[in-house]
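Everything on this sheet refers to the single structure shown next.
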Amino acid sequence: MIAESETVELRIDALAAGGDGVARETGGRVVFVPFTAPGDRVDVVIEPGGTRFARGRVKTLLASGPARTDPLCAVFGSCGGCAWQHVAYDAQLAAKRAILREALTRIGGLAPPAEIPVIACPSPYGYRSRTRVVVAGGRVGYRRRRSNALCATARCPVLVPALDDALAALAARPPHEDGEWELAAGDGGEVRVTRVGAAGESSRRLVLAAGGERIERTPGVFAQANALLLDVLARAVVREAGAGETALELFAGAGFFTLALARRFTRVVAVEGDARAAADLVHNLAAADLHNVDVRAEPVERVLGACRTAHDVVLLDPPRTGLPRGLAPRVATLGARRLVYLSCDPATLARDLSEIVRTGYRLEHVEGFDLFPQTPHVEALATLVAD
Ligand SMILES: C[S@@+](CC[C@H](N)C(=O)[O-])C[C@H]1O[C@@H](n2cnc3c(N)ncnc32)[C@H](O)[C@@H]1O
């Protein structure tokens, strides 16, 4: 074992779920090293840590591995937004496949299919159509890595060009009000810049088009953020849900999947806890002339507590934290023949799936979507069928 704070030469083997490179000391201890890429040889300063795991920081990059590339962003490394701009895109995708598989097997104790595809983003930069920036004391930017301090920037290369320009304009003439601002681009390049949570916040909706549907959402309401994969994601979720008599959709948002479900099922119950999102959903259904959806603007916990009806299919798209405590076993008692679970966090997905599988469902299909290139995040779609 190496003494603490000593420098050690390591070879980076892989990328971990949190984004750090992973290496193994000769004694077997695993060391996590930020801003490294598979194949790199690095001199690392080891921070005080445990006997099995430690963290380190790069003192010297001795030799770049084949997965290393040049970051595009001037504030990469200090900004808290991206962790992988130094990793070639193919290597990012390979790491996401491994992260997804590892979460399902190690955290969930599941046996995923032999192949877990991760659908690549058509462009690893210029994809993001929604972001939040911080305005503080006349400066604009993101939070710094592992800090609340501002990392000022006027450019962000993961944003779609219209939003990148909007950020530059905001940084050139910063608003007087400090706080968080949402920058969002709609279909056709329309942009809204809105102060988050401000009284009198703009309520003009932005249009998103995906899977042949038109979804409008009020600024501040959740929206899928990868403009280049909206269509692919919508079609995949709808394909997995199939068609039938009744569908229950939990965490429906403004209706990104609901409109398509309404065309494929005789009746749909859509549950969304945010009142503004639920109002957008009602608006979107009316605009599409769809009248077979019962919108429940309530927490899913409350709706499921009282739900006695069986549904053919249940679609779940919870936030990063996954299903609220106790909900996974409850979902499994709804009698659905198919459960379709969309998740932005492999760890909470694996935790919830393992609870559901124990009640008599089989994991049939898993697929990833690279909605967040240059970050370790991966979206996953899992389908379970009743055994
Ligand atoms: C990841 S978003 C998905 C939204 C939608 N499916 C989409 O693709 O746009 C999760 C949604 O769940 C809602 N939500 C979070 N916790 C909830 C709860 N306990 N009950 C009901 N809705 C909740 C949020 O307001 C948000 O709209």
Side-chain angles (χ1 to χ4, degrees), residues 128-132 182 184-187 196-197 205-241 247-262 268-285 288 293-307 313-328 330-331 334 339-349 352 368-369 371-372 377-382:
R128 197 175 168 109
S129 54
R130 178 175 64 88
T131 192
R132 283 188 177 189
E182 182 186 272
D187 218 32
V196 175
R205 293 183 170 108
L206 261 179
V207 179
L208 293 180
E213 305 291 352
R214 182 189 151 91
I215 312 293
E216 293 187 34
R217 69 148 194 123
T218 303
V221 164
F222 176 89
Q224 300 293 346
N226 186 317
L228 310 183
L229 284 176
L230 284 183
D231 222 47
V232 171
L233 182 68
R235 289 185 197 283
V237 169
V238 169
R239 178 199 71 219
E240 289 304 304
L248 172 64
E249 186 189 8
L250 304 177
F251 312 96
F256 189 67
F257 305 116
T258 322
L259 275 66
L261 290 181
V268 177
V269 176
V271 184
E272 168 54 46
D274 174 14
R276 289 172 315 156
D280 286 351
L281 173 54
V282 169
H283 168 87
N284 288 324
L285 290 164
V293 181
D294 176 12
V295 175
R296 308 283 300 269
E298 295 176 69
V300 295
E301 299 89 318
R302 198 186 306 156
V303 173
L304 285 196
C307 181
V313 173
V314 178
L315 169 61
L316 313 115
D317 182 12
R320 185 167 295 283
T321 44
L323 295 180
R325 185 185 285 273
L327 218 75
R330 178 73 188 103
V331 165
L334 291 171
L339 301 177
V340 180
Y341 189 139
L342 183 66
S343 158
C344 56
D345 184 75
T348 55
L349 173 72
D352 292 343
F369 297 87
L371 300 190
F372 312 104
H377 300 298
V378 57
E379 191 86 2
L381 178 64

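Counting starts at 1 for both ligands and their atoms, in listed order. Each residue takes its place number in the sequence, starting with 1.
Residue contact check: E298 has heavy atoms under 4.0 Å from atoms 21 (C) of ligand 1. Of all the atoms in ligand 1, the ones that sit under 4.0 Å from a non-hydrogen atom of G273 are 21 (C), 22 (N), 23 (C). Short contacts between ligand 1 and A252, defined as distances under 4.0 Å to a heavy atom of the residue, involve ligand atoms 5 (C), 6 (N). Of all atoms in ligand 1, listed by their number and element, those nearer than 4.0 Å to a heavy atom of Q224 are 7 (C), 8 (O). Near D317, the atoms of ligand 1 lying under 4.0 angstrom from a non-hydrogen atom of the residue are 1 (C), 2 (S), 3 (C), 4 (C), 5 (C), 6 (N), 7 (C), 8 (O), 10 (C). The P318 neighbourhood of ligand 1 comprises atoms 1 (C), with distances under 4.0 Å to a heavy atom of that residue. Atoms of ligand 1 lying under 4.0 Å from any heavy atom of D274, numbered from 1 in the order shown and given with element: 25 (O). Residue F256 approaches ligand 1 through these ligand atoms, each under 4.0 Å from one of its heavy atoms: 7 (C), 8 (O), 9 (O).
Shown are V207, L208, I215; of these, the side-chain contact (heavy atoms from CB on, under 4.5 Å) with N284 is made only by I215. Test L304, L248, V300 against V331 for side-chain contact (heavy atoms from CB on, under 4.5 Å) and you get one pass: L304. Considering E213, E249, E272 in turn, E249 is the only one that fulfils the side-chain hydrogen bond (donor to acceptor under 3.5 Å, both in side chains) rule with T258.
The shortest non-hydrogen separation linking D231 to G211 is OD1-N, 2.6 Å. Considering every non-hydrogen atom in both A262 and V293, the closest pair reads CB-CG2, 3.6 Å. In this structure, V378 and G368 approach most closely via the heavy-atom pair CG2-CA, 4.5 Å. Taking each heavy atom of L349 and A380 in turn, the nearest pair found is CD2-CB, 3.8 Å.
Heavy atoms of other residues, nucleotides or ligands lying less than 6.0 angstrom from CZ of R320 number more than 12.
In this comparison of G253, P319, C344, the heavy atom closest to atom 15 (C) of ligand 1 sits on P319.
Atom 20 (N) of ligand 1 has as its closest protein heavy atom V300 N, 2.9 Å. Nearest protein heavy-atom neighbour of atom 16 (N) of ligand 1: F251 CE2, 3.9 Å. The closest protein non-hydrogen atom to atom 27 (O) of ligand 1 is E272 OE1, 2.8 Å.
Without hydrogens or angle criteria, R296 side chain to E298 main chain gives no donor-acceptor distance under 3.5 Å.
For E301, every heavy-atom contact with ligand 1 shorter than 4.0 Å involves the side chain, none the backbone.
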